[in-house]
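Take a look at the structure set out below.
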Amino acid sequence: MINATNIRKSFGDLEVLKGVDLHIAKGEIVSIVGPSGAGKTTLLQILGTLDKPNVGKVLVDGIDFSKLGEKELAAFRNKHIGFIFQFHQLLPEFTALENVMIPALIGRKDKKKSEERAKEILAYLQLADRMDHKPNELSGGEKQRVAVARALINDPGLILADEPSGSLDSKNRDELHKLLFDLREKFGLTIVIVTHDKELAALSDRVIEMRDGLVQLPMES
């Protein structure tokens with residue numbers, strides 16, 4: 001699913017990634033852990049085409065990102081990759097349903113079909129009675145489930161999650177952890193999670209530790 005080779009990334013004189021090699025198989029749930037400043041989020045952004053490496057190559061499903069233009073990258077990202085962020089990043093002026101639909105509409109999918117699909121996913125995530133509410137009317141756990149639904153709307157094969165449980169209380173965190181594994185089984189997803197949450201990391205199929213811009217030897221969970 002993901003093959004990254006010799007990924008290097010610098011911001012000015014600061015070298016954040018120093019030659020990262022990474023392979024993640026289809027259907028895996030992998031957690032990337034390590035101290036702050038290790039380069040975890042930068043790597044995740046590069047894997048998700050949100051940033052480009054200075055050196056190195058990333059392939060997802062055999063597609064070489066370096067050979068795609070900006071429009072092609074945006075279209076690939078919209079269709080094949082779903083993102084879950086720590087602080088949801090929901091648009092406050094839109095309802096839960098509208099927030100979920102946005103990636104589908106950006107991908108120029110039929111509006112009626114996109115609405116039907118969004119309602120299906122929200123119902124699956126036990127949000128059928130909350131879809132007309134705006135983010136400020138939702139709990140933290142509900143907001144994160146809306147964000148999960150948004151990540152799923154275009155039926156991606158890959159989900160990238162950056163500290164997905166970081167802003168949740170223990171109950172909602174546990175529910176999110178279970179949900180990620182349920183989603184893998186239902187939708188056949190590959191999921192890569194950047195996390196400081198040791199409990200979530202321990203549940204993963206594999207844990208990859210980063211330190212000082214490099215991947216350490218993988219630890220089997």
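Every heavy atom of this structure was used, including side-chain atoms; hydrogens, water molecules and symmetry mates were not. Everything numeric in this text was worked out from a predicted model, so none of it was measured.
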Between CE on residue Met210 and OG1 on residue Thr41, distance to nearest 0.5 Å: 9.5 Å
Atom CG of Asp174: over 12 foreign heavy atoms under 6.0 Å: yes
Salt-bridge present (Arg184, Asp205; N to O < 4.0 Å): yes
Joint hydrophobic cluster, Val60 plus Ile63, side-chain heavy atoms closer than 4.5 Å: yes
Test item: Thr5 side-chain N/O and Gly56 main-chain N/O as donor-acceptor pair under 3.5 Å: no
Donor-acceptor under 3.5 Å (Asn154 side chain, Asn78 main chain): yes
Exam field: side chain Ser139 to backbone Glu142, donor-acceptor pair closer than 3.5 Å: yes
Within 45° cone of Phe181 ring axis and under 6.0 Å: Lys178 NZ or CZ: no
Backbone N/O of Gly141 and side chain of Gln144: donor-acceptor pair under 3.5 Å: no
Hphob cluster co-occupancy, Leu50 + Met1, side-chain heavy atoms under 4.5 angstrom: yes
Donor-acceptor side-chain pairing of Thr195 and Asp197 below 3.5 angstrom: no
Exercise: identify the closest heavy-atom pair between Ile7 and Ile46: CG2-CD1, 4.0 Å
Gln126 atom CD: more than 12 heavy-atom contacts under 6.0 Å: no
Rounded distance (nearest 0.5 Å) linking atom CG of Asp110 with atom CZ of Arg108: 14.0 Å
For Leu189, the option from Leu152, Leu158, Asp155 that meets side chain to side chain contact (heavy atoms under 4.5 Å, CB included): Leu152
Expected output: side-chain Lys134 to main-chain Leu91 donor-acceptor under 3.5 Å: no
Salt bridge Glu70-Lys52, side-chain N to carboxylate O under 4.0 Å: yes
Flag, side chain of Asn99 to backbone of Phe94, donor-acceptor distance under 3.5 Å: yes
Smallest separation among heavy atoms of Arg117 and Phe187, with atom names: NH2-CE2, 3.4 Å
Electrostatic pair Glu115-Lys111, nearest N-O below 4.0 angstrom: no
Flag, side chain of Arg130 to backbone of Leu122, donor-acceptor distance under 3.5 Å: no
Main-chain N/O of Thr95 paired with Asp132 side-chain donor or acceptor, under 3.5 Å: no
Glu116 and Lys113 ion-paired at < 4.0 Å: no
Lys57 backbone acceptor or donor facing Asp64 side chain under 3.5 Å: no
Selection residues 17-27 - residue pairs positive for side-chain hydrogen bond (donor to acceptor under 3.5 Å, both in side chains), sequence neighbours left out: Asn3-His23
